[in-house]
Colleague: 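Before I ask anything, let me first share the structure, which is written out below as structure tokens.
This is a predicted model, so every value here is computed, not measured.
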Amino acid sequence: MTTPPRLTDRHALDLRRARARPEALFLHETAADDAQDRLAMVNRTFTDVAVVTPFPQVWAPRFPEATMVPEAEVLDLTEGALDLVIHGLCLHWVDDPVGQLIQCRRALRPDGVCLALTLGGQTLHELRAALAQAETEVTCGLSPRVAPMAEIRDLGALLQRAGFALPVAESAPLTVSYASALHLMRDLRAMGETNALHARLRRPTRRAVLLRAAQIYSENFALPDGRVSATFEIITLTGWAPDASQPKPLRPGSAAQRLADALGTSETPLKD
């Protein structure tokens, strides 16, 4: 097995999260509320639940019976002990997301559910573009600044690679307005979501880069009221631990009725 490339500076990420302010954790509050709503539609009572999260103060009040598990490379989960695992909006900082999902699946009993919420590829695309253009203009170079986030089709494939049955991936874009790009960057710092990439520049960003990025951002992503928009995409992955009782697709050619008959139309053979 090959070692996944190192994406995140874990020490830097821990420091950023330690400085996060409770009033700025609206993304985690949104994700936790969404998880509650989704589970309310599942016709089942979950008795053994774990939530993987760096911010238990957000998730614990919504899931008071759950065990809060710190997000780490090796999760503190017991194999086969749970019927529900929630991975709470931290998969985008993990070096090995497939490994995280495999750990969640192994912690589930047969027919248990994993609900993984993560930030998707459309997240902060405006800021990514503005910073890239500004840094290129000012320094004639480009450095990693926004964590790479997977698209929904790739995240859905991760569930299958991790061995889940009945995988589903759903996207929910969230648009937030700010007075300026600098206010957005300040809010990201308060969330604990600023640059913690292992390959980041290890010196402060030049003021000229930030001011030029704010100007580019305002020119391209301004709202009618003069504020600017920022996109956050929350992707929800749902997978079930395999069990013999789950529905399975029919074998090709096993249908008892022609599709044309069911649709009330005539079948037109294709030419060779």
Side-chain angles (χ1 to χ4, degrees), residues 8 12-13 15-38 51 53-62 71 86-94 115-135 144-152 154-155 169-197 200 205 209-237:
T8 303
L13 180 61
L15 291 176
R16 284 153 175 70
R17 286 173 170 171
R19 293 194 292 264
R21 299 202 307 267
E23 64 272 17
L25 299 178
F26 68 90
L27 289 178
H28 283 266
E29 292 173 354
T30 300
D33 289 341
D34 182 65
Q36 273 189 310
D37 292 341
R38 291 175 182 275
V51 179
T53 174
F55 298 111
Q57 66 270 33
V58 175
W59 293 82
R62 292 166 170 83
E71 186 267 314
I86 302 173
H87 205 292
L89 209 65
C90 46
L91 199 63
H92 59 287
W93 282 118
V94 173
L115 199 65
L117 300 101
T118 184
L119 294 177
Q122 293 304 306
T123 298
L124 297 178
H125 68 88
E126 305 96 339
L127 183 62
R128 193 191 313 269
L131 283 171
Q133 182 178 338
E135 189 173 19
R145 293 189 175 274
V146 179
M149 300 172 198
E151 299 296 332
I152 186 170
D154 300 319
L155 289 168
E170 299 173 89
S171 171
L174 175 65
T175 301
V176 184
S177 70
Y178 289 92
S180 71
L182 297 178
H183 288 80
L184 165 60
M185 296 178 202
R186 185 184 307 163
D187 208 25
L188 292 173
R189 185 177 299 110
M191 297 179 198
E193 290 287 348
T194 47
N195 193 354
L197 293 171
R200 72 190 187 281
T205 299
V209 172
L210 296 178
L211 293 178
R212 178 58 181 145
Q215 181 184 13
I216 294 169
Y217 203 116
S218 180
E219 291 171 353
N220 291 277
F221 305 108
L223 298 170
D225 61 1
R227 295 169 66 86
V228 298
S229 64
T231 301
F232 296 94
E233 182 187 23
I234 298 178
I235 293 178
T236 303
L237 306 175

Colleague: Just verifying a value: how many Å separate H92 NE2 and L117 CG, rounded to the nearest 0.5 Å?
Modeller: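 Rounded to the nearest 0.5 Å, the NE2-CG separation comes out at 12.0 Å.
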
Colleague: What residues, two or more places apart in sequence or in another chain, satisfy ring-ring contact (aromatic ring centres under 6.0 Å, His included) together with Y178?
Modeller: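 By the ring-ring contact (aromatic ring centres under 6.0 Å, His included) rule, Y178 matches no residue at all.
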
Colleague: What heavy-atom pair brings P22 and E29 nearest, and what distance separates the two atoms?
Modeller: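 Closest approach of P22 to E29, heavy atoms only: O-OE2, 4.3 Å.
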
Colleague: Rounded to the nearest 0.5 Å, how far does CG of L27 lie from CG of L174?
Modeller: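 Result: 6.5 Å between the selected atoms.
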
Colleague: Minimum heavy-atom separation for A190 to A24, with atom names?
Modeller: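 Smallest interatomic distance, heavy atoms only, reads CB-CB, 3.5 Å.
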
Colleague: Answer whether the closest heavy-atom distance between the side chains of V228 and H183 falls below 4.5 Å.
Modeller: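 Not touching, per the 4.5 Å side-chain cut-off.
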
Colleague: What pairs with R62 under salt bridge (charged side-chain N to carboxylate O under 4.0 Å, His left out), at least two apart in sequence or on another chain?
Modeller: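 Salt bridge (charged side-chain N to carboxylate O under 4.0 Å, His left out) list for R62, sorted by chain: D33.
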
Colleague: Once side-chain hydrogen bond (donor to acceptor under 3.5 Å, both in side chains) is applied, do any residues pair with T205, and if so which ones, sequence neighbours excluded?
Modeller: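 If we apply the side-chain hydrogen bond (donor to acceptor under 3.5 Å, both in side chains) test to T205, skipping adjacent residues, the hits are R145.
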
Colleague: Just wondering, do E233 and M149 contact through their side chains at under 4.5 Å, heavy atoms?
Modeller: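 A side-chain contact under 4.5 Å is absent here.
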
Colleague: Testing L184, T175, V176 one by one against S229 for a side chain to side chain contact (heavy atoms under 4.5 Å, CB included), which residue passes?
Modeller: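 Per the side chain to side chain contact (heavy atoms under 4.5 Å, CB included) rule, the option paired with S229 is T175, out of L184, T175, V176.
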
Colleague: Considering all heavy atoms of both residues, which atom of L115 and which atom of R38 are nearest to each other, and what is their separation?
Modeller: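 That would be CD1-CD, 4.4 Å.
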
Colleague: Compare every heavy atom of A181 with every heavy atom of A214, then report the nearest pair and how far apart it is.
Modeller: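 Taking A214 first and A181 second, the nearest heavy atoms are CA-CB, 3.8 Å.
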
Colleague: Can you see which heavy atom on G88 is nearest to which on P54, and at what distance?
Modeller: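 Looking at all heavy atoms of both residues, the closest pair is O-CD, 4.2 Å.
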
Colleague: Ignoring hydrogens and angles, tell me if any N or O in the side chain of T30 forms a donor-acceptor pair with the backbone of F26 under 3.5 Å.
Modeller: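 Side chain of T30 to backbone of F26, a donor-acceptor pair under 3.5 Å: yes, one is there.
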
Colleague: So, do L25 and Q57 sit near enough that their side-chain heavy atoms are less than 4.5 Å apart?
Modeller: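 Of all side-chain heavy-atom pairs linking Q57 with L25, at least one is under 4.5 Å.
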
Colleague: To the nearest 0.5 Å, what is the distance between CH2 (W93) and CD (E193)?
Modeller: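 Reported value, rounded in 0.5 Å steps: 6.5 Å.
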
Colleague: Working to the nearest 0.5 Å, report the span between OG of S180 and CZ of R186.
Modeller: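 Going from OG on S180 over to CZ on R186, the span is 7.5 Å.
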
Colleague: Are T53 and V58 close enough, and set up right, to give a side-chain contact (heavy atoms from CB on, under 4.5 Å), and what steps lead you there?
Modeller: CA-CA 9 Å; T53 174; V58 175; over 6 Å; no

Colleague: Any idea which heavy atoms bring L13 and G192 closest together, and the distance?
Modeller: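 Looks like CD1-O, 4.3 Å.
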
Colleague: Kindly write out the residues that satisfy side chain to side chain contact (heavy atoms under 4.5 Å, CB included) with N220, not counting sequence neighbours, or none if the list is empty.
Modeller: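 Testing N220 for side chain to side chain contact (heavy atoms under 4.5 Å, CB included), a comparison that skips the adjacent residues, returns I216.
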
Colleague: Output every pair passing side chain to side chain donor-acceptor pair (under 3.5 Å) with a member in residues 116-133, not counting sequence neighbours, ordered by first then second residue.
Modeller: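 Non-adjacent pairs meeting side chain to side chain donor-acceptor pair (under 3.5 Å): E126-T231, Q133-E137.
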
Colleague: When rounded to the nearest 0.5 angstrom, what distance separates CG in L182 from OH in Y217?
Modeller: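 Going from the CG atom of L182 to the OH atom of Y217 covers 11.0 Å.
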
Colleague: Give, for atom CG of L119 and atom CG of L89, the distance between the pair rounded to the nearest 0.5 Å.
Modeller: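 With rounding to 0.5 Å, CG (L119) is 4.5 Å from CG (L89).
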
Colleague: Does E23 have any salt bridge (charged side-chain N to carboxylate O under 4.0 Å, His left out) partners at least two apart in sequence or in another chain, and if so, which?
Modeller: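 If we apply the salt bridge (charged side-chain N to carboxylate O under 4.0 Å, His left out) test to E23, skipping adjacent residues, the hits are R21.
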
Colleague: Looking at P144, is its backbone amide N or carbonyl O close enough to the side chain of N195 to form a donor-acceptor pair, meaning the two atoms are under 3.5 Å apart?
Modeller: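 Judged by distance alone, yes, a pair lies under 3.5 Å.
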
Colleague: side-chain contact (heavy atoms from CB on, under 4.5 Å) for M185 and L131? Distances and angles first, verdict last.
Modeller: CA-CA 11 Å; M185 296 178 202; L131 283 171; 4.2 Å; yes

